[in-house]
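For reference, the structure discussed in these notes is given below.
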Amino acid sequence: MTTLPGGIRMRGDSRTADDALLADLNPAQREAAAAPGGPLLVLAGAGSGKTRVLTRRIAWLIRARGLAPESILAVTFTNKAAGEMRARVESLLGRSVRGLWIGTFHAICLRWLKRHARAAGYGPDLAVVDAEDQLTLLRRLLKEAGYDHTPRRARELQAIISRAKNRAQTAEEFAAEAHTPAQLVAARLYTAYQEALRRQNGVDFDDLLLGGLRLLREHAEIADHYAAQFEHILVDEYQDTNRVQFLLVERLARTHRNILVVGDDDQSIYGWRGAEVRNILDFKKHFPEAAVHYLEQNYRSTAPILAFANAVIARNRGRYEKALWTERPGGELPEFFLAADEDEEAEEIARRLSAEADAGRPYRETAIFYRTHAQSRPLEEAFLRRGIPYAIVGGIHFYARREVKDVLSYLRVLVQPRDETSLRRALGVPKRGIGERTLEEFFACLGESGCGPLEYARAGGPASASARAREALARFGEWMLALQARLAEPPERILSEIVASSGYRDHLRHEGGDWEERLANVDELLESARLFSSREEGGVAEYLDQVSLLTSADTVAAAADRVTLMTAHNAKGLEFPRVFVTGLEEGLFPHASALDDEEELEEERRLFYVACTRAMDGLTLSASEMRRRYSTGAGGISRFLIEAPRELFADTGPQGSWGGYGGPRVHATGRAREDAESARRANGGNGGWGRPVDSAGGRRSASVGDGSGAWSGSAGDGDEHPLVGRRVYHAAFGHGLVTGVDGRGDQARITVRFQAGNTRKVLKGYLEWEP
DNA sequence: GGGCCCTCGTCCTTA
DNA sequence: ACGAGGGCCC
């Protein structure tokens with residue numbers, strides 16, 4: 001008998017597991033999987049078999065407890081996880097579990113909103129608006145309201161609206177709380193945005209959740225119906241649920257109170273998206289009678305990997321104290337190496353990968369994680385050079401590619417002509433003589449015309465438009481209405497008809513550039529529609545729903561023997577025998593935007609912890625001394641490595657890179673670049689290794705502003721304008737003259753006219769001041 | 001007015 | 001390096 005943290009005493013084998021379903025679970029897993037009912041919190045560390053517990057519990061509820069599949073609701077984090085979990089349960093039970101509700105919160109809410117469209121206040125054929133369309137719409141609204149409508153502003157606004165929605169705050173509630181001028185503007189636009197969505201019968205991702213919640217709140221009979229139906233509710237990755245998702249779960253669990261949530265506060269990585277780790281920390285407050293189970297035995301990683309990961313996460317405050325352990329014997333220390341720049345970092349990874357492949361490790365066993373998508377490029381280039389097959393998860397999502405969105409926009413218009421964003425897109429691409437001006441008038445007059453958008457187009461649109469534009473509109477309307485009459489046909493047939501008769505292929509060819517790749521993507525889209533038709537029941541509308549809810553994590557191709565590249569966020573829930581975590585530099589991982597906020601830093605640390613704990617046998621960490629990123633360099637080795645006990649990882653840099661490293665450079669310094677530059681020169685600029693470290697190899701002061709180095713000439717942080725006219729040297733761009741200053745301190749952006757003739761804005765920290 | 005070309009600011013993570 | 005917007009020509 002053991003007492004676990006939190007004072008939960010656990011018996012050994014309880015022998016409630018008379019069912020073979022639970023035979024191979026450990027006692028803690030079994031207790032959770034066969035728990036009698038009531039609220040249950042399972043704190044499951046990385047690799048502790050939580051998916052196993054969830055699938056076994058669902059199977060156990062159905063077989064041992066005789067529950068009907070439709071009385072169980074299981075919420076997963078991705079559609080892929082839902083599909084896998086369903087398949088797993090079916091194979092455990094040897095029967096179909098048709099009727100089981102399993103999916104992401106978003107997919108489940110969409111299902112409700114469609115099923116109860118009228119009650120939810122939507123028309124039929126509700127369409128999901130993706131992030132890009134959301135931005136397009138917001139920019140248009142900003143412009144119409146006379147505000148700055150740069151993509152940046154639109155993104156800021158999108159984030160504000162999204163955060164409000166994730167707190168379950170409607171436009172009206174948000175407006176009521178708005179005080180500062182900026183908040184009032186945001187409130188106005190939030191309202192306008194919701195009206196625009198409403199006009200086109202659209203919902204964004206956050207609306208799916210909020211709409212689902214509103215449906216349950218405003219229609220007690222519907223809420224009671226589902227609350228009665230779902231005798232058992234299971235939620236995976238509970239640490240990454242937001243307020244709205246909590247409220248949904250809480251409402252649905254009210255009748256039976258059989259709510260099992262599984263999560264790990266150390267793996268909460270979506271705070272920026274509105275996830276509230278409080279949901280899991282406060283579970284016992286919300287459900288006072290809840291039992292708590294801890295899963296701390298890790299079945300995934302070797303002891304050295306776990307020891308390193310445990311040490312990393314132990315730096316965080318505000319967490320349930322816990323430590324994973326394993327019975328796995330042996331294992332190598334995690335490795336670290338420092339490269340001169342990102343090309344060499346990528347090259348070294350490719351080199352190690354090739355060697356391991358030669359030694360018999362299949363490529364598919366290896367994954368490479370990075371903090372931002374932009375880091376994939378050097379890796380791709382290195383892999384291409386060495387002929388290493390790879391697949392990128394995420395990045396520019398397939399369905400977010402311009403050519404794919406173009407073609408899909410026609411399909412969306414057919415299903416929902418009021419979708420203004422898609423209609424604007426379809427009208428404009430390929431060019432058919434309908435320009436900005438005509439579009440504005442078209443939509444301005446559409447309302448008064450009293451007919452639908454396609455009929456209005458067929459009639460020639462606004463009388464004020466040019467004869468050419470009117471003719472083009474009429475042809476477009478005619479064509480779309482003819483296609484609309486065929487909507488009962490399979491999506492694939494409609495889609496290929498669209499591609500064929502729109503002249504889209506010619507349009508792409510004419511565009512030049514990477515048209516071949518774009519053309520291939522269009523063909524791949526047609527193939528995906530064909531696959532949908534062959535696999536799923538449902539027409540064009542269902543096809544579009546599926547496309548909208550697909551996520552990057554859903555498209556991991558498992559079959560081929562390839563290395564997988566993805567962001568650390570996308571890695572959640574996965575495991576690989578061999579893992580590389582790259583770009584471990586201050587400002588990148590942890591990301592620059594988190595450096596001045598302790599909570600955000602802790603989230604970065606959790607993200608790093610998630611990345612490391614994906615590894616089963618091998619973990620290699622890497623960093624670059626220099627990085628071309630918005631014309632800036634790297635910020636020194638990540639604090640996540642600096643703060644880890646030195647004996648928990650091995651420095652495998654060819655020249656003992658760590659040994660010469662002078663300590664944490666928490667802020668980017670000019671020295672880092674300078675060193676990297678001299679390293680490149682010393683290596684003849686080729687892919688050679690290492691940087692010439694201080695010959696002494698000892699510690700070296702690298703603190704910013706120590707007055708001894710390149711910094712001494714810098715003016716104070718007060719008045720920056722005396723800097724204009726100063727001569728400077730930049731490691732990458734050479735000598736130049738300051739022509740402008742933006743901001744203060746080391747974060748100031750200095751405009752420099754370089755001798756080469758180019759003018760650039762660079763961070764002050766990267767400049768050396770010449771006399 | 002519509003479309004092409006060139007210059008400029010810009011990319012953190014996502015259901 | 002990529003897209004958006006401004007300028008310019010049809």
Side-chain angles (χ1 to χ4, degrees), chain A residues 75-82 103-110 128 130-132 134-136 139 143 149-152 154-155 158-159 162 165-166 203-209 237 240-242 244-245 269-275 369-378 393-397 400 402 428 430-441 464-469 472 510-514 548-554 566-572 583 587-594 600 603-604 606-607 610-611 628-632 742 749 751 758-761:
Chain A
V75 186
T76 59
F77 198 71
T78 64
N79 295 295
K80 181 166 177 269
T104 62
F105 276 108
H106 294 83
I108 288 163
C109 285
L110 177 62
V128 180
D130 69 20
E132 203 206 324
Q134 213 181 340
L135 280 178
T136 311
R139 292 190 63 190
K143 189 178 179 184
H149 57 284
T150 55
R152 187 178 180 78
R155 262 195 306 278
Q158 182 190 33
S162 179
K165 287 182 175 178
N166 286 327
V203 283
D204 64 25
F205 283 118
D206 302 314
D207 283 338
L208 287 173
L209 304 180
E237 307 281 9
D240 279 322
T241 52
N242 63 32
V244 178
Q245 289 165 334
I269 55 174
Y270 284 98
W272 54 274
R273 202 174 77 182
F369 304 144
Y370 35 73
R371 179 64 178 79
T372 69
H373 288 300
Q375 292 164 250
S376 72
R377 183 144 299 176
V393 175
I396 299 177
H397 196 282
R402 174 159 56 85
K431 297 268 176 255
R432 48 169 65 84
I434 302 169
E436 185 66 19
R437 184 65 182 250
T438 307
L439 277 181
E440 292 315 317
E441 279 176 31
S464 52
S466 69
R468 198 167 61 143
H510 181 71
E511 239 187 9
D514 46 3
S548 304
L549 290 182
L550 275 183
T551 72
S552 44
D554 297 328
M566 67 179 88
T567 62
H569 280 91
N570 269 324
K572 185 164 90 157
L588 190 57
F589 203 170
H591 196 266
S593 57
E600 290 183 41
E603 182 155 312
E604 295 284 316
R606 289 192 294 269
L607 183 60
V610 166
R628 297 182 297 269
R629 190 167 162 262
Y630 325 116
S631 350
T632 68
D742 215 6
R749 290 169 70 79
T751 309
N758 52 329
T759 300
R760 280 181 176 271
K761 276 191 179 178

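Order of the sequence lines fixes the chain letters, A, B, ..., with proteins taken first and strands second; residue numbering starts at 1 for each chain. Note that these values count all heavy atoms, side chains included, but never hydrogens, waters or copies made by symmetry.
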Evaluate the criterion side chain to side chain donor-acceptor pair (under 3.5 Å) for residue pair A:T372 and A:Q375; output intermediate values, then yes/no.
-> CA-CA 6 Å; A:T372 69; A:Q375 292 164 250; 3.0 Å; yes
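Note on A:N570: every side-chain N or O is 4.0 Å or more away from OP1 and OP2 of B:dT13. Using a 4.0 Å cut-off, no side-chain N or O of A:H569 falls inside it from OP1 or OP2 of B:dA15. The side chain of A:T567 places an N or O atom within less than 4.0 Å of a non-bridging phosphate oxygen (OP1 or OP2) of B:dT14.
For A:F589 and A:F369, the distance between ring centers is not under 6.0 angstrom. For A:H591 and A:W272, the ring centers sit 6.0 Å or farther from each other.
Projected onto DNA chain B by closest heavy-atom contact, A:G433 and A:I269 fall at different nucleotides, the more 5' of which corresponds to A:G433. Each of A:A107 and A:E600 has a nearest nucleotide on DNA chain B; the 5'-most of these lies closest to A:E600.
Taking the six-membered ring for Trp and thresholds of 30 and 60 degrees, A:F205 and A:H106 have ring planes more than 60 degrees apart, a perpendicular arrangement.
Atom P of nucleotide B:dT14 and atom CZ of A:F369 are separated by 13 Å, given to the nearest angstrom. The CG atom of A:L209 sits 17 Å away from the P atom of B:dT14 (whole-angstrom rounding). Rounding to whole angstrom units, CD of residue A:Q158 and C1' of B:dA15 are separated by 12 Å. In this entry the distance linking CZ of A:R152 with P of B:dC8 reads 19 Å, nearest Å. Rounded to whole Å, atom P of C:dA1 lies 7 Å from atom CZ of A:R377. Rounded to whole angstrom, the span from the CD atom of A:E604 across to the P atom of B:dC12 amounts to 12 Å. Counting to the nearest Å, the P atom of B:dT10 and the CG atom of A:L135 are 15 Å from each other. Going from atom NE2 of A:H373 over to atom C1' of B:dT14 covers 8 Å, rounded to whole Å.
Considering only the side chain of A:W272, B:dT13 comes nearest among B:dC12, B:dA15, B:dT13. Listed nucleotides: C:dA1, B:dC4, B:dA15. Nearest to the side chain of A:K431: B:dC4. For A:R371, the listed nucleotide lying nearest its side chain is B:dC12; candidates were B:dC12, C:dA1, B:dA15.
When both pairing distances are held under 3.5 Å, C:dA1 makes no Watson-Crick or G-U pair with any nucleotide shown. When both distances must be under 3.5 Å, the Watson-Crick or G-U wobble mate of B:dG3 is C:dC8.
Between the side chain of A:Q158 and the backbone N or O of A:Q134, no donor-acceptor pair lies under 3.5 Å.
In this structure, A:Y270 reaches the sugar-phosphate backbone alone: every heavy-atom distance under 4.0 Å involves primed, P, OP1 or OP2 atoms, never a base.
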